[in-house]
Structures are given as C-alpha cells and as structure tokens.
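Some notes on the structure that comes next.
Per chain, numbering begins at 1; letters A, B, ... match sequence-line order. Just so you know, these numbers use all the heavy atoms, side chains as well, and skip hydrogens, waters and symmetry mates.
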Amino acid sequence: MSNRGIPLPGRYDDIMSLSVRKGFIWPTADIYGGFGGFYDYGHLGAGLKRKWEDAWLRHFVKSEDNYYLVDTTTILPYRSLKASGHVDHFTDVMAKCSNCGESFRGDQLLEDATGASAEGMSPDDIDAKLEELRLKCPECEGEFEATELFNMMFPLAVGPAGTDDAFLRPETAQGVYLNFKREFEALRRRIPMGLAIMGRAFRNEISPRQGTYRMREFIQAELQIFFDPEDEGFPSSMSLSDFDGLGVRVAFEEDRENVQALSCQELMDKGLPWFYVAHMAKVQSFYTDLLGYPPEKFRFAELGEDERAFYNKIHFDIQIDMGSLGGFKEVAGIHYRTDHDLSGHEKESHEKMSVSSGGRRFIPHVLELSFGVDRNVWSLLDTFYKKNERSILKLPPPLAPIEAGVFPLLSKDGLPELAREVYTRLRKEFDCFYDASGSIGKRYARMDEIGTPYCITIDHDSLKDNTVTVRERDTTDQTREGIDALPDVLRKLLRTF
RNA sequence: GCGGGUGUAGUGUAGCCUGGUAUCACUUGAGCUUGCCAAGCUCAUAACCCGGGUUCAAAUCCCGGCGCCCGCACCA
C-alpha cells in the first residue's frame, strides 16, 4: 500500500482527545496504563459503532435475496485453521541476527538462498537448514540465533487436557465456511447465497499502531457470497444500471497515485468480471452516497501479486484518505477467494462442499466483502470532525449516537418541566439527551462536538402555543415545529437510510 | 522486534537541568445569573504511568517495566 505521508499536525491527537474526553474510544485497561493493541468503546463510540453496523447490514445484507447474518464462535479448533491455511501461513519462523539484532523470516531466508519454497517448515528444520547452508545475516554477515516461532494467531488450551488445540479466530470468514453446508441446506440449496458475520477477530500484531487502526482484537463485518462461477446471472437482484452515474474511483497497481473515475463498463473492459464490478459500485455507493464521504477521499486500490494472499484472484482494498493517519488507509477489501476455502475444508474434513445448481455440480466460488469495523468508525471521526471556530462532528445524522438534544432555553418559568415532558416523549423512539445546565450556546456547542444533528429548544412561546425550535447542527438554522409533530419531523430528518 | 522521542487533574500544559508533594487555561459539578449559539460571578471536584533504588526529602536523579507518537521491519 502506498500509504506514505505524514499525518496532519495534531490531527491524530485532536481525534483521540475528542474520543477520550467525550466517550468514544480509549485504551483498554486505561487505569493500568493501557494495553497495546486494545481499545474500548465508551457510550458514544458504542452507539456510533452499532449504527454503522446497522447501516452496513441494511446496505449489504438485508438488501439482497438469500443473504443472511449468522453468528459463530471466536474460538476455533486447530484442524479448521489448518485447513484454511492459517496454521501454516499465519505462523512465521523468525531468525534473529545475534550481531545486529535484525529479525528475518526463516522461510524467506531459505527461499532466497535455495529458490525452493520453505513454507510450513518447523523451526528445528529451518535451524538445521540455515546451519547446513551456512547462511549469514544479509545485513551484517552475523550469525543467526536459534529461530523462534511467531504465530499471528493466539493459541488456546481448551479443556482439562490443556493442549494447544485451538486458536482465537484470525478472521470471521472461517465461521461462515464452516457453516456453509448447514446453511445451504437450511436455506434450501439456493445459489447465490450470502452469509455475513459481524464479530471479533484476533491477531497478535507485532506492533499495533495508530489507535484503533491496527489492533490485536478487532471487529470485522464480513459478507461471503457463494456463487456459481459460470453463471453470468449472478446475483440476480443486482444491476449495473443502478450505478450508471457513479464514477468508480480506482487506483491500479501500476500507478497507485493516479485515481481514475471509471464507469462499470470501463472496469469490465479492463477485464474485471461483472459481479466484481457490481460490488465495487455497491461499496463505493455505501461510502459516498449513503454515508456522505467526499468522493476524493475514497478509492479502490488494486493489490499486486506480491501484496495479496495467494488464493485471492482479484483483490482491491477500499481506502479512505485520513488526515490523522497520513493518507489513504485500508478500511475494507473485496476479495475474490475462488473455491479456496471450501475446497480446503472439504479436503481436511472429508465433507463434500460441492453443490448441484443449474444442472451441474461444483464447489461454489466466494466473493468476500471484508470490512474492519473499528477502522471504519475511526474514519468517520477523521472524515467528519471539523475543528475551527466551532468544533463539529458532522456525522451522517442516521449514525449519530445522540440524535437530538432537548433543552429548556432557561432554567425557570416552567421551561424545564415542559422540556422534560418533550424529552420523555421523544426518548421512546430517538436517542435523546436532556440538558439544562449552562448557557444555551454552550449546550449547542457540546452537542455539535459529539455529532448530535438536531437540538430542540423549549422557550416561552412553547408554553403558549406548544411549538419548539429545531436547530440544525451544521448550519445552526432553526425552524419552529409543533411539539406533536416532532416525531414525524425527526423521523424525516434522521431515518434517511 | 530494533532505533528516536515521550508520559503531570477529564483535556492541553508549567515545574524536571539546579530534589523541599505542583502552575495556568479549558472542562466538569453546585449556586447566582442567563428569552437562542462555548458570556459573567462565587464556590467546589480533580493529577505527578507503574515498581524498585539513592536521599532527611523524588514529579525532579538512577535502574527496570508498561503505554503512547515517529521511522524501519512486520501486517498469508
């Protein structure tokens, strides 16, 4: 990824400070000095995250026939991850130079020296081979220490026997593949079939960095779409004509800095299959149309052969330009995983994964839409937090953790009583916040900073005619509405997707 | 994991070199005030990342750990 660049000065700190002060995000076990690679969500962060997840679910899962949300365990048995390739590919044998201290991947050293793949070799075998070939540190010609196994997966000892026979899942996707046969039956053997999981995944990152961008425990929202690779009609409910006006913003591998806006047809002319293009359009539409990201901050970045997993036939990252992180950073990916995963599980479990459809028998191919939820939440804060004379978090209203503030203009003359009454009525349906403290301007400012799109103020006129002012966050414009009409008014303003 | 920087109320900071338990601002809470955009006044709450060591005395000096930021490496 060409993520080079320096963060805007103070931008990261501004967002982290906002997060901590107001209740979005802070380090796990903060009172013990934090815990590298782990972050907790406060009340606002949890609300924002939940609403992003709801939006994702509606846009990608509930909008299609035969797409469903499932939920699977975070602990998986050894064999399932052996079959998926994670046991071998997620485990690196590190060789450390005794002289300069530099670390290298043992299999890489052997491959460079012999030209043959050394993947999956045990540390002892690699040690023996390094010895045999008399390999020295490429940096300083120093000797290597005994190699060590570094596993990106967290091993677990399940049961009283206490053997390392399980791992915390490194991606949610495997949960879907393991349940493919059951769901295919339960959903009456229909293809295409989409199965989504939103849940936690775990990777023992060597150096977690940049807040919630790279964590050791993180949340994924992943959709696995199973389809017939030979069926041009997939998926039947999608049509490229839905995206006619959309210029799909793409940066190809050979010229990563050059973002082109291409039509779906132009992308297909470049050799991408139509189902892949359709999902690119759908993803971009999610960000730029639904959530309102500025198009220039959005792009697909093609990953080259050496950057993507070997089984991903086509792989574009979805990247958002984040000032706090120094440029375009990955928030999601679209991966054409072919039949790699189902075939792997068929081989290891001896369960047939092939299906009959369209008069043929085949193992379905998988298109995976994979989103990092925490990264997306961070990108919302980065993209929509404006800090000038006013500090405003210009969140899309449907994502705002607090949807409306309800204030009495003054703390006297019966205004608080009526305001409380309005608040009590609205809170049944909307996420509301009542506040009577400080000046009205200060209360507006507090709401602006946490992204509350609307504030309702009860004044003296309200007592006479049952109307209130509704103040809009970004413009500060006010309209006067009847108290009885508020639910309808707010519904129209807030339930926009 | 390596190198550089760094850690003081909720947030941002002064103090650290030249040891004597801490500055300022904003925030937060209470009260007064306040007829619509962080106004004002009074009062209050609140901090030296953790653990050792040196010393009569450690935020300050030394050692170890942890966290954070930047670079390298890593991120099938």
Taking atom types as they are modelled, would you say the side chain of [X] forms a donor-acceptor pair with the base of [N] within the 3.5 Å cutoff?
| X | N | result |
| --- | --- | --- |
| A:Tyr444 | B:C36 | yes |
| A:Arg209 | B:G71 | yes |
| A:Ser207 | B:A73 | yes |

Check your understanding: More 5' along RNA chain B: A:Asn312 or A:Gln478, using each one's nearest nucleotide?
Key ->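 In this pair, the answer is A:Gln478.
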Practice item. Would you mind telling me which residue lines up with the more 5' stretch of RNA chain B, A:Glu205 or A:Thr457, judged by nearest nucleotide? Key: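 Here A:Thr457 is the residue nearer the 5' end.
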Taking any heavy-atom pair under 4.0 Å as a contact, classify [X]: base, sugar-phosphate, or nothing.
| X | result |
| --- | --- |
| A:Arg471 | base |
| A:Gly211 | sugar-phosphate |
| A:Ser17 | sugar-phosphate |
| A:Gly36 | sugar-phosphate |
| A:Glu472 | nothing |
| A:Arg390 | nothing |
| A:Arg308 | nothing |
| A:Gly42 | nothing |

Can you tell me the distance, in whole Å, between the [atom1] atom of [X] and the [atom2] atom of [N]?
| X | N | atom1 | atom2 | answer |
| --- | --- | --- | --- | --- |
| A:Met152 | B:G1 | CE | P | 14 Å |
| A:Ile456 | B:C37 | CD1 | C1' | 16 Å |
| A:Phe407 | B:A38 | CZ | C1' | 12 Å |
| A:Asp30 | B:A47 | CG | C1' | 14 Å |
| A:His89 | B:C75 | NE2 | P | 13 Å |
| A:Asp435 | B:C37 | CG | C1' | 14 Å |
| A:Ile206 | B:G71 | CD1 | P | 17 Å |
| A:Asp13 | B:C70 | CG | P | 9 Å |

Pick the [atom1] atom in [N] and in [M], then give their distance to the nearest Å.
| N | M | atom1 | value |
| --- | --- | --- | --- |
| B:U23 | B:C56 | P | 28 Å |
| B:U6 | B:C62 | P | 13 Å |
| B:A47 | B:C24 | P | 16 Å |
| B:A46 | B:C36 | C1' | 32 Å |
| B:G7 | B:A14 | C1' | 15 Å |
| B:U45 | B:A30 | C1' | 10 Å |
| B:A22 | B:G64 | C1' | 26 Å |
| B:C61 | B:G20 | C1' | 15 Å |

Think [X] has a side-chain N or O under 4.0 angstrom from the OP1 or OP2 of [N]?
| X | N | result |
| --- | --- | --- |
| A:Lys442 | B:C37 | no |
| A:Gln210 | B:C68 | no |
| A:Lys22 | B:U11 | no |
| A:Ser439 | B:A39 | yes |

Who does [N] pair with, Watson-Crick or G-U, both distances under 3.5 Å?
| N | answer |
| --- | --- |
| B:U34 | none |
| B:A57 | none |
| B:G64 | B:C50 |
| B:C2 | B:G71 |
| B:U13 | none |

Review point. Pick from A:Lys387, A:Arg471, A:Lys442: which one makes a salt bridge (charged side-chain N to carboxylate O under 4.0 Å, His left out) with A:Asp448?
Key: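 Looking at A:Lys387, A:Arg471, A:Lys442, the match for A:Asp448 under the salt bridge (charged side-chain N to carboxylate O under 4.0 Å, His left out) is A:Arg471.
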Review point. Of A:His315, A:His340, A:His365, which is the lone residue that meets ring pair (Phe, Tyr, Trp, His ring centres under 6.0 Å) with A:His335?
Key: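 Of A:His315, A:His340, A:His365, ring pair (Phe, Tyr, Trp, His ring centres under 6.0 Å) with A:His335 is met by A:His315 alone.
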When you get a sec, tell me which of [options] is the closest nucleotide to the side chain of [X]?
| X | options | answer |
| --- | --- | --- |
| A:Arg214 | B:C75, B:U28, B:U34 | B:C75 |
| A:Ile440 | B:A38, B:C68, B:C36 | B:C36 |
| A:Arg21 | B:G10, B:A38, B:G35 | B:G10 |
| A:Lys412 | B:U34, B:C37, B:U28 | B:U34 |

Over 12 non-hydrogen atoms of neighbours within 6.0 angstrom of [atom1] in [X]:
| X | atom1 | result |
| --- | --- | --- |
| A:Arg480 | CZ | yes |
| A:Glu131 | CD | no |
| A:Arg427 | CZ | no |

Check your understanding: Given the rule in the side-chain contact (heavy atoms from CB on, under 4.5 Å) test, do A:Leu81 and A:Phe90 qualify, once you have shown the distances and angles that lead to the verdict?
Key -> CA-CA 10 Å; A:Leu81 291 161; A:Phe90 238 54; over 6 Å; no
Review point. Would a line drawn from the ring center of A:Tyr336 to the ring center of A:Tyr276 be shorter than 6.0 Å?
Key: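 Centroid separation for A:Tyr336 and A:Tyr276: 6.0 Å or greater.
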Check your understanding: Hey, do the aromatic rings of A:Tyr423 and A:Phe433 have their centres closer than 6.0 Å?
Key ->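 A:Tyr423 vs A:Phe433: aromatic centres not under 6.0 Å.
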Review point. So does A:Lys22 pair up with A:Glu449, basic N to acidic O under 4.0 Å?
Key: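 Yes.
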Check your understanding: Where does B:G4 land, syn or anti, given syn is within 90° of 0?
Key ->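 It is anti.
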